[in-house]
Visitor: 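Below you'll find the structure I mean.
Owing to the predicted nature of the structure, the values given are computational and were not obtained by experimental measurement. Per chain, numbering begins at 1; letters A, B, ... match sequence-line order.
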Number of protein chains: 2
Amino acid sequence: MPQNGRGQAKRLSVLPGPHVPCVECAIRNSALFRPVSEEHLDWTQGYRAAQMRLPAQAHLYREGDSPEYCWTLYDGWVKLYKTLVTGKRQILRFAMAGDFLGFQPDLQGPMGHAAQALTDCTLCAFPRARLGELFQARPEVATQFAWMAARDMRLCQEHLAGMGKKSARERIAYLLLEICHRQRQIARATGRLAPGQRVPVPITQEDIADAVGLTPVHVSRTLSQMRAERLIACAKGEVFIMNEEALTEIAEFDPRLIEARPLL
Amino acid sequence: MPQNGRGQAKRLSVLPGPHVPCVECAIRNSALFRPVSEEHLDWTQGYRAAQMRLPAQAHLYREGDSPEYCWTLYDGWVKLYKTLVTGKRQILRFAMAGDFLGFQPDLQGPMGHAAQALTDCTLCAFPRARLGELFQARPEVATQFAWMAARDMRLCQEHLAGMGKKSARERIAYLLLEICHRQRQIARATGRLAPGQRVPVPITQEDIADAVGLTPVHVSRTLSQMRAERLIACAKGEVFIMNEEALTEIAEFDPRLIEARPLL
DNA sequence: CGTTCTGTTGACCACGTTCAATCAGTGTGG
DNA sequence: CCACACTGATTGAACGTGGTCAACAGAACG
């Protein structure tokens, strides 16, 4: 599990990582190579250029970059965000173990958003230029990508609907529940047991604000109120969900959103 | 080109459509079968269960439905929207010619949003149950789907960022420009010439409001002001963009968003 | 110890909402 | 043919959610 990485900003950039072979990958069940049979796995692993470590606070890529790779996030949290010309930031998504990062329609072109590590991360890098080739050679990978893209699209659409139509309170409740359920889902898929209701959340209130479209000030107020109502409890870098039922009702959150079954 | 279909609501449901073979398909350049070679096209056409017509105002599917098909939109406009328990609606996307509709992570499960025709539409239906098979048999189709999904995801993310961080004026300007540019892109891809700045827009102010997260009242006010500033002009079911440059600046719109190049 | 970063609280303000009345266009039925 | 209903757009007035500005507190860190 990723430790809370705030304030640990090492000023080093990308580091070489461990070399876990795909066959032993703990998160393969929720990642791009899930449907690849063991006999083909050595071969597809050839597309993995490297495993690398990214320290907390470091950028995987910035808006406008044309990075050489796409990545599977092996461990840790990453935030994807856009910056408008006014300087305002919008967090699009919190990426977690298993998520595939850096793919976009124009593979040569510049990224439309930035990706920054929230905790120390481990990633597997795949050369962008060879992705088309990989999809052609192993259609089950392309199909898994399609499935993952559809899943991410649905999250994005729910997020969008929330921004348009929900109150501050509802949006924040929704975000907390979404994060909590996705963490549990990962714990399930990787065989690790979820430690009760307890969810370490390595994000600041400013991150929450940028994700749900509010100001940090108003997020603070709303969280204070939720604490007063015993809906949640906060410790440093952690949020405990005290009353999941009530929160689910407030947020209009449907847990089935997170439990989708793979295509293949 | 789709005619303005408002008020033409025929009370018939789905109708059988024309039978254009895929080889002659006018929009193949921007649709799922784009990368399929002509020699394979007859074969992939076997996955197309039917062509059908959908009258304006009719629903292709509703939230919670588990339709038997996915569709390529051949002609016309469709709006995709979610309804919250409070009754508020959020339009996720205006689908136009070439868009692939109805795909979601859990192909057996219920749709997370509804799709309703804005104009009379023509669609090509593909059985959901056979999509995995199609992707396996023709990886270039899976790859094209991946590309289209990434393109749609980017639109959704831009939309999301706008909802979080832009003013009413900026969001409306953005929506108008996005629609205009996508229409032009389709005109280019299908070889039809775009008729100047003129864009027939078969949507009501209420649709605009539901798309950008405002009330119809405030949309009316904002459009009135934009008309007063000669940024746009309105006729019945049409919007003319009078000052695209100014509008682009207001919206912080990047035309390159729409012009992405295919993966294969 | 100062500095920096994150969170908290207060006072005031504004963008967009809500409620309401009115109008134009369109289709319907007597 | 006209009265009527219905939908979409427009405008006005009052209101409220959340933003802005500001001061401050606590923790982490050099």
Visitor: Starting at atom CD of Gln57(A), determine the distance to atom P of dA28(D), rounded to an integer number of angstrom.
Guide: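 So the CD-P distance, Gln57(A) to dA28(D), works out to 16 Å.
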Visitor: Under 4.0 Å between a side-chain N/O of Gln205(A) and OP1 or OP2 of dC5(C), yes or no?
Guide: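 No, because none of the side-chain N or O atoms of Gln205(A) sits under 4.0 Å from OP1 or OP2 of dC5(C).
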Visitor: How long is the line joining CG of Asp210(B) and C1' of dA9(D), in whole Å?
Guide: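 Taking CG of Asp210(B) and C1' of dA9(D), I get 15 Å after rounding.
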Visitor: Please report, rounded to the nearest Å, how far the C1' atom of dG8(D) is from the CD atom of Glu238(B).
Guide: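 Whole-Å distance recorded here is 17 Å.
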Visitor: Nearest whole Å is fine: how far is dG19(D) P from Arg89(A) CZ?
Guide: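 After rounding, the gap between these two atoms is 15 Å.
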Visitor: Less than 3.5 Å apart, any donor N or O on the side chain of Glu158(B) or His113(A) sitting next to an acceptor on the other?
Guide: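 No donor-acceptor contact under 3.5 Å links the two side chains.
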Visitor: To the nearest angstrom, how far is Glu206(A) atom CD from dG7(C) atom P?
Guide: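 Roughly 8 Å, once rounded to whole Å.
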Visitor: Just how far, in rounded Å, is P of dT11(D) from CG of Leu223(B)?
Guide: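 From Leu223(B) CG to dT11(D) P: 11 Å.
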Visitor: Tell me the closest heavy-atom pair linking Ala95(A) and Leu101(A), and the distance in Å.
Guide: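 Ala95(A) and Leu101(A) have their closest heavy atoms at CB-CD2, 3.7 Å.
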Visitor: Could you go through the side-chain contact (heavy atoms from CB on, under 4.5 Å) check for Gln90(B) and Tyr81(B) one step at a time?
Guide: CA-CA 5 Å; Gln90(B) 173 68 45; Tyr81(B) 68 91; over 6 Å; no
Visitor: Without decimals, in angstroms, what is the distance between Ile208(A) CD1 and dT6(C) P?
Guide: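 Whole-Å distance recorded here is 13 Å.
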Visitor: Give a yes-or-no answer on whether the side chains of Arg188(A) and Gln185(A) include a donor-acceptor pair shorter than 3.5 Å.
Guide: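 Side-chain D/A pair, Arg188(A) to Gln185(A): present.
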Visitor: Looking at Ser224(B), does any N or O in its side chain come under 4.0 Å of the phosphate oxygens OP1/OP2 on dA9(D)?
Guide: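 For dA9(D), neither OP1 nor OP2 has a side-chain N or O of Ser224(B) closer than 4.0 Å.
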Visitor: Output every pair passing side chain to side chain donor-acceptor pair (under 3.5 Å) with a member in residues 159-169 of chain B, not counting sequence neighbours, ordered by first then second residue.
Guide: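 Pairs touching residues 159-169 of chain B that pass the test: Ser167(B)-Glu170(B), Arg169(B)-Glu229(B).
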Visitor: For the CD atom on Glu63(A), are there more than 12 heavy atoms of other groups (residues, nucleotides or ligands in this structure) within a distance under 6.0 Å?
Guide: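 Enclosed: over 12 neighbouring heavy atoms sit under 6.0 Å from CD of Glu63(A).
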Visitor: Would you mind building the protein contact string for nucleotides 13-24 of chain C? One character per nucleotide, 5' to 3', B for base within reach (heavy atoms under 4.0 Å), S for sugar-phosphate only, - for untouched.
Guide: ---BBBB-----
